[in-house]
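Working notes, beginning with the structure itself.
First the proteins, then the strands, lettered A, B, ... as listed; each starts at 1.
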Amino acid sequence: MEPSNRERVWQVIHSIPAGKVSTYGKVAAMAGLPNLARAVGRYLSELPEGSKIPWHRVINSQGKISFAVGTERFLTQKEKLQGEDINFSNNRVDLKTYLWQGE
DNA sequence: CATTTGACTTGTG
DNA sequence: CCACAAGCCAAAT
């Protein structure tokens with residue numbers, strides 16, 4: 001059985017090292033799905049709660065979390081990122097420093 | 001099969 | 001920085 005796109009995406013996300021982040025488009029591209037940035041977000045939205053996928057290391061191309069500030073998901077992601085030595089500036093991550101561009 | 005919706009991206013103004 | 005539009009894709013209805 002061939003891995004579905006969702007599984008490939010999960011695998012890519014899983015390869016993001018702690019202390020680094022990636023964007024939806026980047027993850028999609030790394031998974032071999034150049035234009036599936038949205039699909040990546042969809043896959044993450046459907047992640048089982050017990051999943052080991054570090055979805056919190058995936059943010060949008062602006063270096064910001066894709067949730068509205070103050071929402072539970074937003075806070076959860078922010079906390080996790082900060083726990084990985086990722087520094088925020090005004091709800092923004094410095095992609096220049098933390099973006100994972102592959103190996 | 002057509003429409004809607006969404007954790008997206010990029011370009012314009 | 002913010003708003004809008006166009007492009008792209010998957011799953012749900």
Measuring to OP1 and OP2 of B:dT4, would you say a side-chain N or O of A:Arg38 lies under 4.0 angstrom away?
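Result: no.
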
Distance in angstrom units between [X] [atom1] and [N] [atom2], rounded:
| X | N | atom1 | atom2 | result |
| --- | --- | --- | --- | --- |
| A:Leu36 | C:dC9 | CG | C1' | 5 Å |
| A:Asn91 | B:dA7 | CG | C1' | 16 Å |
| A:Asn90 | C:dC2 | CG | P | 9 Å |
| A:Asn60 | B:dT9 | CG | P | 5 Å |
| A:Arg6 | C:dC9 | CZ | P | 18 Å |
| A:Trp55 | B:dC8 | CH2 | P | 13 Å |
| A:Asn5 | C:dC8 | CG | C1' | 13 Å |
| A:Gln62 | B:dC8 | CD | P | 10 Å |

Among [options], the nucleotide that comes nearest once only the side chain of [X] is considered:
| X | options | result |
| --- | --- | --- |
| A:Lys64 | C:dC2, B:dA7, C:dA10 | C:dC2 |
| A:Asn35 | C:dC9, C:dC2, B:dA7 | C:dC9 |
| A:Ser66 | B:dA7, C:dC2, C:dC1 | B:dA7 |
| A:Glu46 | C:dA11, B:dT9, B:dA7 | C:dA11 |

Would you classify A:Leu44 as touching base, sugar-phosphate or nothing, given that sugar-phosphate means primed atoms plus P, OP1 and OP2, and contacts are heavy atoms under 4.0 Å?
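Base: the residue A:Leu44, judged by heavy atoms under 4.0 Å, touches a nucleobase.
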
Taking [X] for the side chain and [Y] for the main chain, is one N or O donor matched with an acceptor at less than 3.5 Å?
| X | Y | answer |
| --- | --- | --- |
| A:Thr76 | A:Glu72 | yes |
| A:Asn60 | A:Gln62 | yes |
| A:Arg73 | A:Phe67 | no |

A:Ala39 or A:Ser61, whichever maps to the more 5' nucleotide of DNA chain B
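By nearest-heavy-atom nucleotide position, the 5'-most residue is A:Ala39.
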
How long is the span from the OG atom in A:Ser66 to the CZ atom in A:Phe74, to the nearest 0.5 Å?
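Here the rounded value is 10.5 Å.
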
Ion pair check, A:Lys20 and A:Glu84, cut-off under 4.0 Å
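So A:Lys20 does not pair with A:Glu84 through a salt bridge.
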
Please state the P separation for the pair C:dG7 and B:dA7 - nearest whole angstrom.
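Per the computed distance, 22 Å lies between those P atoms.
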
